[in-house]
Amino acid sequence: MTRTPQKKGKSLKKTKSKIKLKEKRSFVLSAVLKSSAKFVLLFRRTFILWCLANFTFLFVFSFIPNGWTNSLSILWLVAYYVYWCIFIRYVQQHPPYFSLIRIFNGLIPASKIMFINISIYLIVVILPYVPLFMGFRDKYLEFFEQYMGILQSYDSLFGKTLFYLFMLLLSPYTISRPYLAWISSLIGKNRSIIDAYKKTHGNYWNFVFCAAVMSSLFMVSYYIDTIFHLNTLIYLMSVFPVYFNVVFIGIYKIFYKRKPKIKQTSD
């Protein structure tokens, strides 16, 4: 007996779902950190040069009067962005390492990352005011006062902890996955953030743990430097970002595997 079109459709859906399940990948942070450390040790001279270049950028920025409020910081930010674009293409071995087309392509996911984070910040700050304008003042006012008290106490340990946990739980959607889309765009691959979400489906807690490890190292270094007045933060900030970009490239390779090149032979 021949299969009906409905049965054929169901069987096709089942096979597609099985293929999707097989295509689902996940990463173990400890394994990626180890492989990234091995890569750094193998190419330690090159790694040191990139760290020195990063140190130079941070050192130059420290001499810009008034920091981000100075118009010169825009030129610095453009140069710093180009530096990271070249770094990603170099580690991924995609010559030419300086490519204006890829740099401009990377601006699209980079601007989306900024837009997502700014939107979340505005939602956190502005959204609590909406119920007040909808006539829920009596029941909502007490909660609103407590909420604004937490926001205003950002400088306190409690406020910082709440904000850190909130951004940490959102990091897979606001930073980690969009960052993979940015890396992909720099080497001429798919720059869609939605595609990055699909490829990394099922890895939410892995990305949260990854963000927790990275941010905790930055925070611990900052507090040690502040408490003991070591003045070594600029040196640590010159190394950590370079290494963590190597880590993210390692994560990227798990989900964005290159297609093998087929050599054409003449008859």
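- A heavy-atom distance below 4.5 Å is found between the side chains of I103 and F98.
- For the atom pair OG of S35 and CD1 of I249, the computed distance is 11.5 Å after rounding to the nearest 0.5 Å.
- Within the 4.5 Å cutoff, side-chain heavy atoms of N206 are placed close to those of S26.
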**Request:** Quick one: do V247 and L33 satisfy side chain to side chain contact (heavy atoms under 4.5 Å, CB included)? Show the steps, please.
**Result:** CA-CA 6 Å; V247 171; L33 290 172; 3.8 Å; yes
**Request:** Check the pair Y164, S215 against side-chain hydrogen bond (donor to acceptor under 3.5 Å, both in side chains), reporting the backbone distance first and the verdict last.
**Result:** CA-CA 9 Å; Y164 169 73; S215 58; 2.9 Å; yes
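- Under a cutoff of 6.0 Å and an axis angle of 45°, K199 and Y256 form a cation-pi pair.
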**Stepwise ring pair (Phe, Tyr, Trp, His ring centres under 6.0 Å) test for F63 and F59** = CA-CA 7 Å; F63 283 95; F59 187 72; 4.9 Å; yes
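- Other residues, nucleotides and ligands contribute over 12 non-hydrogen atoms within 6.0 Å of the CG atom of L42.
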**Request:** List the steps and the verdict of side chain to side chain contact (heavy atoms under 4.5 Å, CB included) for F57 and L77.
**Result:** CA-CA 9 Å; F57 273 103; L77 188 62; over 6 Å; no
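- Annotation for F209: atom CZ does not count as buried by contact number, only 12 or fewer foreign heavy atoms lying within 6.0 Å.
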**Prompt:** Given R102 and S185, is the side chain to side chain contact (heavy atoms under 4.5 Å, CB included) satisfied, shown in steps?
**Reply:** CA-CA 7 Å; R102 302 307 175 205; S185 67; over 6 Å; no
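- When ring centroids are compared, Y179 and Y252 stay outside the 6.0 Å threshold.
- Partner I175 forms a side chain to side chain contact (heavy atoms under 4.5 Å, CB included) with one of L168, N117, L170 and no other, that one being N117.
- Here the CZ atom belonging to F255 is positioned 13.0 Å from the OG atom belonging to S184, to the nearest 0.5 angstrom.
- Contact record, W182 with W84: CH2-CB, 4.1 Å, taken as the closest heavy-atom pair.
- Aromatic pair F61/W68: centroids less than 6.0 angstrom apart.
- Atom CZ of F55 is separated from atom CD1 of I48 by 14.5 Å, given to the nearest 0.5 angstrom.
- Open room surrounds CD1 on I194; 12 or fewer heavy atoms of other groups in view lie less than 6.0 Å from it.
- Side-chain N or O atoms of N70 include one that pairs as donor or acceptor with a backbone N or O of P65 at under 3.5 Å.
- For OH of Y235, the number of neighbouring non-hydrogen atoms (other residues, nucleotides, ligands) closer than 6.0 Å is 12 at most.
- No more than 12 heavy-atom neighbours from other residues, nucleotides or ligands sit within 6.0 angstrom of OH on Y222.
- Contact of the Y173 side chain with the Y197 side chain is registered, since non-hydrogen atoms from C-beta on lie closer than 4.5 Å.
- Side-chain contact check for K38 versus F43: every heavy-atom pair is 4.5 Å or farther apart.
- No cation-pi contact links R25 to F27, judged by a cut-off of 6.0 Å to the six-membered ring centre and 45° from its axis.
- With no hydrogens or angles considered, a side-chain donor-acceptor pair links R177 and T200 at under 3.5 Å.
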